[in-house]
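Below, read A as the first sequence line, B as the second, and so on, with proteins coming before strands; counting in each chain starts at 1.
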There are 2 protein chains.
Amino acid sequence: MKANLEDIARAAGVSKMTVSRVLRGGSGFSDDTRTRVMQVAERLGYIPNRLAAAFGAEQASTLVGMCVPRLTSGLFGHVLDGVDRALTRLGFQLMIGANNHATDEEEAWVRQLVSWRPAGVILSGRTHSPGTVDLLRKTALPVVEIWDLTTSPIDMAVGFSHHDCGAEMGLHLIRRGRRRAGFVGALARADVMGAARLDGFRAALAQAGHPLADAEVLNDAPGFYAGYYGMETLLSRRGDLDAVYFHNDEMAIGGLAFCQARGLRVPEDIGIAGWGGMEAASILPRRLTTTLVPTTAIGKAAAEALVARLTGAAVPEVTVVPTRLVPGETV
Amino acid sequence: MKANLEDIARAAGVSKMTVSRVLRGGSGFSDDTRTRVMQVAERLGYIPNRLAAAFGAEQASTLVGMCVPRLTSGLFGHVLDGVDRALTRLGFQLMIGANNHATDEEEAWVRQLVSWRPAGVILSGRTHSPGTVDLLRKTALPVVEIWDLTTSPIDMAVGFSHHDCGAEMGLHLIRRGRRRAGFVGALARADVMGAARLDGFRAALAQAGHPLADAEVLNDAPGFYAGYYGMETLLSRRGDLDAVYFHNDEMAIGGLAFCQARGLRVPEDIGIAGWGGMEAASILPRRLTTTLVPTTAIGKAAAEALVARLTGAAVPEVTVVPTRLVPGETV
DNA sequence: CTCCATAGGTTTACCGGTAACGTGGGTATC
DNA sequence: GATACCCACGTTACCGGTAAACCTATGGAG
């Protein structure tokens, strides 16, 4: 039932090697042989064995691994989609994992992945355990780090600066006349990139002479609830805030919901800003002030950089994919 | 640099086979041998080669494939998360793909997957091409079909009935006194499961003597915009509707936004119902009437059923994971 | 004292491809 | 006419594990 190259070879009256060449679309055989082999392969229902192929000739692997922080993140869903579409088109298979914002979980996943001898790896973020970096360097695997720009990537990087995103929003709030801005974050200590946005935000505000009034960084997942309760906590401490910058759009919408529940007018009484871009954010009664992140484009660029490297093409070490601040109507 | 079993064997003064047994935690060696082998493996930085292992002994594969309709779907992100957590815990690796609601794309993906000789496959939905079914049957691979309950699954199924979801919501609207209900769908012709919900909805309304007033099934992706414009279209045709059931919560929220923009009061002037569950839906000024789907639980159950089958345990052909209608405040 | 079970190994034979190299015959070139 | 060269293949030697069969002391039972 399970035919292999040998079976086809016997039935077609050629050698195993010729069958291999024909099926991989190589050269070194006549048209006659080609059609004969193809027909026999079809008739026997041959299913290629990539395991054997990748094992016998390691450079032939078409397996790519990708690790995201959380599979439930809407933004990373789009990144995954971009990666998947590009890889599928190029004939690669995608193995995924989640690191839950923990470098040791990432390392465990990378170890598993490497044991499959993949063609390359896509990681999210700039923070990795020494073991991960060491392993990837030793195996000399092509690596693309996405999402945040690493000053010195392990191999290649595709993304943007979270620090700059925060700074840009800080400046925007100042320009809109806000003077007492706060911040609501999530995943305290776990999410380095949210922290980078806060850093940039804080720096921009300080430089403008109106330093960050207060910040509440929760330990929870960055969802609507966290935004709602983060807003509540922040306002209970500082009732005089005139703007709040959130970890992401989900949380900002949660914050908006809280304002609505308390009868606070947005943007008159208080300004609300999110980050990341989310379809819902643009259809709210007032369009959310936020920063759009080209998620799918990042995924696509990462996959293409990886494959380009595999084909020996020159690939830039760092690819910057610009984000865009959308003023909206909530600040 | 790349050590293999042979290298470890030589350095530890034992045979390759003993090293293999030690590393896999088997038996048939002394404690002394064990520690010696482990130390040498550690020192040489041995990286197991799962490719070789799976190739040499096919039943040893720890690779599981999963195909979802779209990687950008919030609901399936949670399903993937459930699958991933369960598989990681059990020592399996996850290969993913998207079928974009097209059976031929699914078949192409399955063919690629099968060539990696995986331990099992998780598919979404009940609709597959004959080629897919044929291939899976021939390879006798463990298969779990999730999301919708197939009357006769290829192998195993985990999910619920979309038809029943629709019928339950139809009945709920009737009970709330709605008499002229409409439906707004998406992914016309592509999404069989949304169509099943519409069927159930229509049947329940008809049986109650207040048949479906109108339906608008768009071709677009089921997002906020589609909900907004679908609502607009539906109301322009039938201004007298007193309830609208949407393909999912995103679209329902889009519909709510349209009502708000037009000054329609919800639920007084018109009722709005969604499907699927979405964190945002429960934090709106009025909680959305919807059906909660236990996404993560489905993923977990699917992964566990697959692994149970692999270990030879008896697994029920069909696992029903109940959904729950949440009345909310929009109907 | 023999027999036998058992612990603790070793040996052998694959799994199904692919790279590298070999080969025979025909054809173009000098 | 000899040489070179190419085409269309065939041969051989792996890749790194694992299953299964096979050894060989050692200790205890009968």
Side-chain angles (χ1 to χ4, degrees), chain A residues 1-38 40-41 44-63 93 112 114-119 139, chain B residues 1-38 40-41 44-63 91 93 112 114-119 139 310:
Chain A
M1 200 225 77
K2 309 190 145 193
N4 59 21
L5 289 193
E6 192 93 46
D7 300 329
I8 300 176
R10 208 168 12 230
V14 293
S15 76
K16 209 168 102 169
M17 199 60 220
T18 298
V19 176
S20 170
R21 281 197 276 250
V22 168
L23 292 181
R24 280 184 300 152
S27 61
F29 45 82
S30 64
D31 275 2
D32 182 49
T33 302
R34 204 182 74 86
T35 51
R36 197 151 32 93
V37 167
M38 294 295 249
V40 173
L44 297 182
Y46 174 69
I47 301 168
N49 189 335
R50 230 172 257 276
L51 225 45
F55 170 59
E58 218 154 271
Q59 74 274 33
S61 174
T62 57
L63 186 64
Q93 283 78 46
Q112 294 292 331
V114 167
S115 75
W116 284 99
R117 305 292 188 264
T139 53
Chain B
M1 198 227 75
K2 310 189 147 196
N4 59 22
L5 290 193
E6 192 94 48
D7 299 330
I8 300 176
R10 208 169 11 231
V14 293
S15 76
K16 208 169 100 169
M17 199 59 220
T18 298
V19 177
S20 171
R21 280 200 276 252
V22 168
L23 293 181
R24 281 182 301 151
S27 62
F29 46 81
S30 64
D31 275 2
D32 181 50
T33 303
R34 205 182 73 85
T35 51
R36 195 150 34 92
V37 166
M38 294 294 249
V40 173
L44 297 183
Y46 174 69
I47 301 169
N49 188 336
R50 231 171 256 277
L51 225 45
F55 169 59
E58 218 153 272
Q59 75 273 30
S61 173
T62 57
L63 186 63
Q93 284 77 45
Q112 295 291 332
V114 168
S115 75
W116 284 98
R117 304 293 188 264
T139 53
L310 291 173

Shortest non-hydrogen contact between [X] and [Y], atoms and distance:
X: B:N49; Y: B:A52; result: OD1-N, 3.0 Å
X: A:A54; Y: A:S61; result: CB-CA, 4.3 Å
X: A:I47; Y: B:R117; result: O-NH2, 3.2 Å
X: B:L310; Y: B:A119; result: CD2-O, 3.4 Å

Handout entry: Of B:G56 and B:M17, the one whose closest DNA chain D nucleotide lies more 5'
Key =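 The residue mapped nearer the 5' terminus is B:G56.
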Problem - 5' precedence on DNA chain D between A:K16 and B:N49 (nearest-nucleotide basis) - result: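 The answer here is A:K16.
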Practice task
Provide the start and end nucleotides, 5' to 3', of the part of DNA chain C that has atoms under 4.0 Å from heavy atoms of chain B.
Solution key: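 Going 5' to 3' along DNA chain C, contacts run C:dG8 to C:dG16.
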Exercise for the section: For side-chain contact (heavy atoms from CB on, under 4.5 Å), just list the numbers for A:Q112 and B:T62, CA-CA rounded to whole Å, side-chain angles, deciding distance to a tenth of an Å, and then say yes or no. Expected result: CA-CA 10 Å; A:Q112 294 292 331; B:T62 57; 5.7 Å; no
Handout entry: Distance (rounded to the nearest 0.5 Å) between A:S15 OG and A:E6 CD
Key =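 A:S15 atom OG to A:E6 atom CD measures 9.5 Å (nearest 0.5 Å).
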Practice task
Could you walk me through whether A:L44 and A:I8 pass side-chain contact (heavy atoms from CB on, under 4.5 Å), step by step?
Solution key: CA-CA 8 Å; A:L44 297 182; A:I8 300 176; 4.1 Å; yes
Handout entry: B:A52 or A:S20, whichever maps to the more 5' nucleotide of DNA chain C
Key =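 Here B:A52 is the residue nearer the 5' end.
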Practice task
Starting from the 5' end of DNA chain C, give me the residue, B:V14 or A:A53, whose nearest nucleotide shows up first.
Solution key: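 It is B:V14, whose closest nucleotide lies nearer the 5' terminus.
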Problem - Global bending angle along the helix from C:dC1-D:dG30 to C:dC30-D:dG1, which compares the axes of five pairs at either end, to 10 degrees - result: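 Axis angle across the helix from C:dC1-D:dG30 to C:dC30-D:dG1, nearest 10°: 40°.
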Problem - Sugar-phosphate, base or nothing in reach of A:A57, heavy atoms under 4.0 Å - result: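 If one applies the 4.0 Å heavy-atom cut-off, A:A57 turns out to touch the sugar-phosphate alone, with no base involved.
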Handout entry: Sub-4.0 Å heavy-atom contacts from residues 21-38 of chain B onto DNA chain D, ordered by number
Key =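 Hits under 4.0 Å, by residue number: B:R24.
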Exercise for the section: Considering just the side-chain nitrogens and oxygens of A:T18, establish if one lies under 4.0 Å of OP1 or OP2 belonging to D:dG10. Expected result: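 Answer yes for this pair, as a side-chain N or O of A:T18 is under 4.0 Å from OP1 or OP2.
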Problem - B:R21 side-chain N/O to B:G26 backbone N/O, donor-acceptor pair under 3.5 Å - result: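 Answer holds: no.
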Problem - Any donor-acceptor N/O pair, A:R50 side chain to B:S115 backbone, under 3.5 Å - result: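 Side chain of A:R50 to backbone of B:S115, a donor-acceptor pair under 3.5 Å: no, none is there.
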Problem - B:Y46/B:L23 under side-chain contact (heavy atoms from CB on, under 4.5 Å): CA gap, chis, key distance, verdict - result: CA-CA 10 Å; B:Y46 174 69; B:L23 293 181; 3.6 Å; yes
Handout entry: Full working for side-chain contact (heavy atoms from CB on, under 4.5 Å) between B:M38 and B:V22
Key = CA-CA 8 Å; B:M38 294 294 249; B:V22 168; 3.9 Å; yes
